[in-house]
Amino acid sequence: MADPFISVAERLAPAFAAVAGSACDPVVRPSDRADAQANGALALAKSLGISPREVAQKVLEAAGDVSDILSSTEIAGPGFINLVFSDSFIAQQLFEATSGNRLGVRASARPETVVVDYSAPNVAKEMHVGHLRSTVIGDAIVRVLEFVGNTVLRENHIGDWGTPFGMLIEHLIDMGEQNAAHELSVGDLDGFYKEARRKFEGSDEFKDRARHRVVLLQGGDEDTLRLWRTLVSESTQYFNRVYTQLDVLLTDDDLMGESAYNHLLVPVVERLQKQGLLVESDGAEVVFADGFTNRENEPLPLIIRKGDGGYNYATTDLACVIDRVERLKATSMLYVVGAPQAQHLQMVEAVARQAGWLPEGSTMNHISFGSVLGSDRKMLKSRSGGETVKLAALLDEAVERAEVAVAEKNPEMSSADRSDVARMIGIGAVKYSDLSTDRVKDYIFDWDRMLSFEGNTAPYLQYAHARICSIFRRAGVERSSVRSVVPHIGEPQERELALRVLRFDSAVWETIDTLSPHKLCTYLFDLATDFTSFYEHCPVLKTGHEDTRESRLALCDATARVMEQGLALLGIRSPEQM
RNA sequence: GCCCCUGUAGCUCAGUCGGAUAGAGCAACGGACUUCUAAUCCGCAGGUCGCAGGUUCGAUUCCUGCCGGGGGCGCCA
């Protein structure tokens, strides 16, 4: 068990149980006055009818000799037990944690098959910052869940079906297929979509053609399908370029667009019908899920089949549930989707449960997130007019800005290295600024802050890693050669750093338990802060003692490994020099 | 009208399964560079944790109400 907090909690639990007479949480928490504190005695005092300090005293007596883990235990204040880990324990734990590739992170005791539904851009429509959040958060969640041993299935539920495709296909025909394909392949999806929309709004003749085209599409007309495939394939190629630039895991294998569920739409209706859940209401076929009401306080339906006979997104989402549970055997389904869809997803889950499609133990979770705002606290728009910011342009700008900074800070670096490093820094900065705040809140997009290299930013963390690499380069020592060294804990900065490294396990698991990547970010920032403090106070190569040098190199290596792994779990690269 | 999310330092954000003096970064101020890369560090200053009640030995954290901000509330996805 790598995290000393867990070790000490396990050690104290029997003592607490003995005093309490039943199982009892020691409530081990971080402390300002020691490495940790156990608060369990305060809660126990009342039921036992003795003072908290007395409880604490009895617990310590029951715990017996703990000197192998703790160098001191002290009862303080109203009944806190302050705990100080022994230096040799920290050193030994660090050695054990870094002996394997997991760096002390526990594997899942109950691995699951998890479907993560994220990114989900629309065909023939530009990706914007909303997709950025879903993509980046989803990617981090996927990586973290895989790291602890889950089977993770990525699903990119692209918008590739529905009524807009009538107008899009007609516009494609008007432009000529070659021209349209070219416009889409260079990434001018916004222009294409807007022009189609403009014609749809402005011309009754075009509108009629578009509607007819939708009927042909849904009817499986071969020529129409061929045009549709052109739209989809040009768009997905463009998405893939953005994904490559963003350095996320999504590939064509992960595409599961709305159209992929067409064959399940009729079965959804039939199964709901058979179960007597489907009712007719205002011309539509709907399911009334318990507990949902509309503006007039009347039951709110989930519309399965519209008045015109068509299906909508609720139908597709229910088909997804069936597919994911029955074909993919998913036990957990995560939807990385913006906050406005909260109620919709709740209703889908409620109906899926009522229909019995979600077995006991299978869960659906909405990984909700807030909006990206500009510095004016309004939804992010480009400088000129009300256009939403194109994701591709935004990423290019990030890399350009990073390149300028690298050129300034490290002029000796070759231009090839510089562009590589600039990509890692620029993209890392964008992703990290998105991941590092609580996802449920809106966050303010600010170039200067995310690339400032100070504070809780990707470049600051990357810099800490690069500095460690630099130490080993300078020393001419292989990183792996110091992994047989049990470090010696002497200076307070060494102690802080070692203890921090050991908390990686808890940081990863807190991230998973809350599905909140910012927990991992906060941890890595603390790790970087502890490292730079160590770096300033504890010379590694310039120390006179060979043992100290070895020990500190081992500590540096452990830190760099955790930093690199932690950033990798966020989908961020760690350059070896900056 | 009902429901969901949110309100912490001048700014941007952490934190809270109820615990001791609420923490960072930026900005401001004062220090430390012929560097193991100063893209850094050290120090100083800055807060009625939206407001009012309640539960508790103890509330920024839990509960209720109110106020401010955002979002949702039947045939777009």
Categorize [X] for me: base, sugar-phosphate, or nothing, with a 4.0 angstrom heavy-atom threshold over every strand shown.
X: A:Cys538; result: base
X: A:Ala466; result: base
X: A:Ala76; result: base
X: A:Tyr460; result: sugar-phosphate

Rounded distance in Å between the [atom1] positions of [N] and [M]:
N: B:G1; M: B:A24; atom1: P; answer: 43 Å
N: B:U12; M: B:G54; atom1: P; answer: 33 Å
N: B:C3; M: B:U8; atom1: C1'; answer: 26 Å
N: B:G65; M: B:C73; atom1: P; answer: 24 Å
N: B:C57; M: B:U40; atom1: P; answer: 49 Å
N: B:G15; M: B:G19; atom1: C1'; answer: 14 Å
N: B:G53; M: B:A45; atom1: C1'; answer: 35 Å
N: B:A9; M: B:U60; atom1: C1'; answer: 14 Å

Closest to the [X] side chain: [options]?
X: A:Ser533; options: B:U40, B:C13, B:C41; value: B:C41
X: A:Thr522; options: B:A39, B:A14, B:U40; value: B:A14
X: A:Pro340; options: B:G71, B:A24, B:U40; value: B:G71
X: A:Val406; options: B:A39, B:A14, B:U40; value: B:A39
X: A:Arg449; options: B:U56, B:U12, B:C42; value: B:U12

**Message:** What I want to find out is whether A:Arg503 reaches A:Asp526 closely enough, with some N-O distance under 4.0 Å, to be called a salt bridge.
**Reply:**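 Looking at A:Asp526 together with A:Arg503, the answer is no, because their closest N to O distance does not fall below 4.0 Å.
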Are [X] and [N] close enough that a side-chain N or O sits under 4.0 Å from OP1 or OP2?
X: A:Lys519; N: B:G15; value: yes
X: A:Thr532; N: B:C41; value: yes
X: A:Lys441; N: B:U12; value: no

**Request:** Flag yes if more than 12 heavy atoms outside A:Glu403 fall under 6.0 Å of its CD atom; otherwise flag no.
**Result:** yes
**Message:** Are more than 12 heavy atoms, taken from residues, nucleotides or ligands other than A:Glu298, located less than 6.0 Å from that residue's CD atom?
**Reply:**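 Yes, the 6.0 Å shell around CD holds more than 12 heavy atoms from other groups.
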**Request:** Examine the side chains of A:Asn456 and A:Ser436 and answer whether a donor and an acceptor come within less than 3.5 Å of each other.
**Result:**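 No, A:Ser436 and A:Asn456 have no side-chain donor paired with an acceptor closer than 3.5 Å.
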**Prompt:** When you check the side-chain N and O atoms of A:Gln37 and A:Ser31, is any donor under 3.5 Å from an acceptor?
**Reply:** yes
**Message:** Which heavy atom of A:Ala528 sits nearest to which heavy atom of A:Leu461, and what is that distance?
**Reply:**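 Looks like CB-CD2, 3.6 Å.
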Listed pairs, N/O of protein and of nucleotides 73-77 of chain B, under 3.5 Å:
unit_1	atom_1	unit_2	atom_2	d
B:C73	N4	A:Arg295	NH1	3.2
B:G74	N1	A:Ser281	OG	2.7
B:G74	N2	A:Ser281	O	3.2
B:G74	N2	A:Ser281	OG	2.8
B:C75	O2	A:Gly307	N	2.7
B:C75	N4	A:Asp282	O	2.5
B:A77	O3'	A:Glu258	OE1	3.0
B:A77	O3'	A:Glu258	OE2	2.7
B:A77	N6	A:Tyr313	OH	2.5

**Six-ring centre of A:Tyr535, A:Arg467 cation under 6.0 angstrom, axis tolerance 45°** = yes
